[in-house]
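Report on the following structure.
Throughout, a chain's letter reflects where its sequence line sits, starting with A, and its residues are numbered from 1. A quick note: this is a predicted structure, and the numbers were derived from the prediction, not measured.
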Amino acid sequence: MAVLEVRNLSVDYVADDGTPLHAVADVGFSVEQGRSLGIVGESGCGKTTVMMALLRLLPEEGRIVSGQVLFDGQDVLQYSESQMRQVRWRGISMVFQGAMNALNPVRTVESQIVEALQIHDVVEQRRAARERAGELLQLVGIPPQRGRQYPHQYSGGMRQRAVIAMALACNPRVLIADEPTTALDVMIQAQILELLERLQAELELSLIMVTHDLGMVAETCDDVLVMYGGMVAEKASSDVIFNTPQHPYTRRLLEAFPDVEEPDSDLASIPGNPPRLDDLPAGCRFEPRCECPERGAICAQTAPPLVELEPGHWAACHSVRRVG
Amino acid sequence: MEMRSTPILQVDNLHKYFPIPRHVGDVLARRPRRSVRAVDGVSFTVQRGEILALVGESGSGKTTVGMNVLGLQQPTEGHILFDGYDVTEWSRGHGASLEAADRFLVPLSRRRRVMTLRERAQMIFQDPYESLNPRQTIFDIVAEPLDIHRLTPSRTERRERVRTALETCGLAPADHFWDRFPAELSGGQRQRVVIAGALVLEPELLVADEPVSMLDVSIRAEILNLLRALRRERGITILYTTHDLATAGFFTDRMAVMYLGRIVELGPTVEVLSQPRHPYTRALISVVPVPNPRRRRQRVILEGEIPNPIDIPPGCRFHPRCPEAIPACREMDPRLHPVAPGHDVACLRV
Ligand SMILES: Nc1ncnc2c1ncn2[C@@H]1O[C@H](COP(=O)(O)OP(=O)(O)OP(=O)(O)O)[C@@H](O)[C@H]1O
Ligand SMILES: Nc1ncnc2c1ncn2[C@@H]1O[C@H](COP(=O)(O)OP(=O)(O)OP(=O)(O)O)[C@@H](O)[C@H]1O
Ligand code: SF4
Ligand SMILES: [Mg+2]
Ligand SMILES: [Mg+2]
């Protein structure tokens, strides 16, 4: 059974003048125990919003309009805030986008982990908490003595490791990493990827990797969800997404991604911009940028339903057909 | 012997050190003056119309090389020849100011004298959001370099130059864009404006310092295709710095791999990527994510990070992290030497 299953999740942000902006519409996916799911899409397509919504950490202007978030089969959207607190960090934990740059500069890394442990009632005594903090640092490859240093004494890669250690404080079963390697150098990126892969195997974590870097997903994830304009464009196993993608957007995205093993191949850009939330297309949200030869008048009129093309392979496009 | 035209750019043994301020304690203890050796002996040439990639991790010295090439910093040692003229002499003799350099140029060449280095070579910086003034219109942003360089052409000529620059960068028709403000453009369009601002002076050399690393994949392709078209259609020479080997592989002719202020491998891009010879290049290539799970590779992960350029390791500066080091690597500083035609490597083991 899936550890985490999100069904038909829709999220609005309420603009200053009160109009709702439909940032996320009808998104669904599931993650099995010990597996990894990559969520990809251009900036602004709603990746972070989905994650914040399922943890019920949306900012004040955010509203979950509909949907279910099943953790171990229970809909956490129905939970009271105190029940939810048992799910956050213990059940599902998250490495927030940009968190490595948001560490408190005037406190040691260890004391920040200790605080996290105490806030989430993992350990009450300070001594036990410090011991656990040392273990966590060791787990992510930081010598525990360095816990007594301040964030500015850490390199970018080490700060990201420290943030991952904090997310693991309560032994979560699902770890969400939101852009964990953006802004890090290639070699440091690879070190963090190896760390996440190792943690996933050792702790039997289910991993959700949120990124705009297709290469990272191809390297680490079992399954992939491609989002466009707040909706699911395509989802399938990594092998299918990277080798036999069906949605025109997925195809264009792959053609735009440079491949170091094929330096001579051309790069196709995707002309135009992602849709604006205050001016969403009536039909398929990708229609204004779509160059698929099979697209038709219907594309501009009706939103395509998400259909299962073959077992486990879903796409939302009027031009794709079911296999067989 | 075949006659070759003067390379547009020759960088010869460039060193750039930044002194570290000494504390009273250092002076009392007679600790020697120390400095950040950001660039520590770099040489390369770029032919007219060529695209050279300068790749390396953060702190390897890429931006510093770019700044020195443009005369925005004064080299500690070494020479930079732009179209055969020694840029470093001007900035040395006349301070770092380029206006002085401009004056120095006057006797040099009749045809060139109005075209100073800064017009002929332009730099585009990394972050498209920071480098655009949000209160200026696109027209004013692109026209600004004309004023800075006191090239005050007639109003019509000014408009035409801005129009050409914008349209070359794919912002066509120009008058559809030039009254707008940066916030009204997409990320890719904003980066095109930055490039248009560099092109309005019709430079021959463009130093593009990580021009796409802040951009989304789809926009990245758009900008890289633009740079490639600039070379093809206008013969512009490009020095492209990046830490991303995959984008460098896509459109550059040659690639120089930097580590701690030195070039460790230099050769034709396709050859460097398909037959890397330096252990550092091999490791870097092995960790570039490949967009296909069927081609997952064995990664060579180097431990730790680039050391601080204040304390450069003796011998081969890469030896503490090198998976292939032998005892001699701790003592001998390898020179860049040819391993194939046009392909140089600085490693004792090749
Ligand atoms: N607090 C907010 N109020 C209004 N709109 C918001 C708010 N937060 C996000 N949005 C909008 O919702 C959309 C989705 O944003 P989100 O941050 O989820 O995207 P993302 O896919 O995570 O992007 P990125 O890759 O840049 O992190 C965007 O159009 C964004 O501008
Ligand atoms: N003005 C300066 N004063 C002191 N040190 C400097 C200065 N400019 C650069 N450095 C140092 O020189 C080294 C090389 O810096 P440089 O910016 O050239 O690297 P880079 O390869 O462009 O890195 P990045 O990928 O992070 O942009 C770094 O260690 C940097 O901290
Ligand atoms: S010289 Fe030695 S240490 Fe340096 S790269 Fe070659 S093998 Fe490695
Ligand atoms: Mg995000
Ligand atoms: Mg730089």
So for atom [atom1], which belongs to [X], do other residues, nucleotides or ligands contribute more than 12 heavy atoms lying within a distance under 6.0 Å?
X        : atom1 : result
A:Arg276 : CZ    : no
A:Asp16  : CG    : no
B:His23  : NE2   : no

**Request:** Please look at A:Asn273 and chain B and tell me whether the side chain, the backbone, both or neither of the residue comes under 4.5 angstrom of a heavy atom of that chain.
**Result:** side chain
**Message:** With a 4.5 angstrom heavy-atom cut-off, is it the side chain or the backbone of A:Glu262 that approaches chain B, or both, or neither?
**Reply:** side chain
Heavy-atom pair count under 4.5 Å with chain B, highest-scoring of [options]:
options                                : value
A:Pro271, A:Ser155, A:Gly157           : A:Ser155
A:Ala268, A:Gly141, A:Ala190, A:Gly156 : A:Ala190
A:Leu253, A:Thr182, A:Asn243, A:Leu214 : A:Asn243

Can you say whether [X] sits under 4.5 Å from chain A via the side chain, the backbone, both, or neither, judging by heavy atoms?
X        : answer
B:Leu284 : both
B:Asn225 : side chain
B:Ala283 : both

**Asked** What's the spacing between A:Asp259 CG and B:Phe250 CZ if we round to 0.5 Å?
**Response** 12.5 Å
Is a side-chain N or O of [X] found less than 3.5 angstrom from the main chain of [Y], in a donor-acceptor match?
X        : Y        : result
A:Glu219 : B:Val290 : yes
B:Arg220 : A:Ser269 : no
A:Gln191 : B:Leu302 : yes
A:Asp185 : B:Ser58  : yes
A:Asp239 : B:Arg294 : no

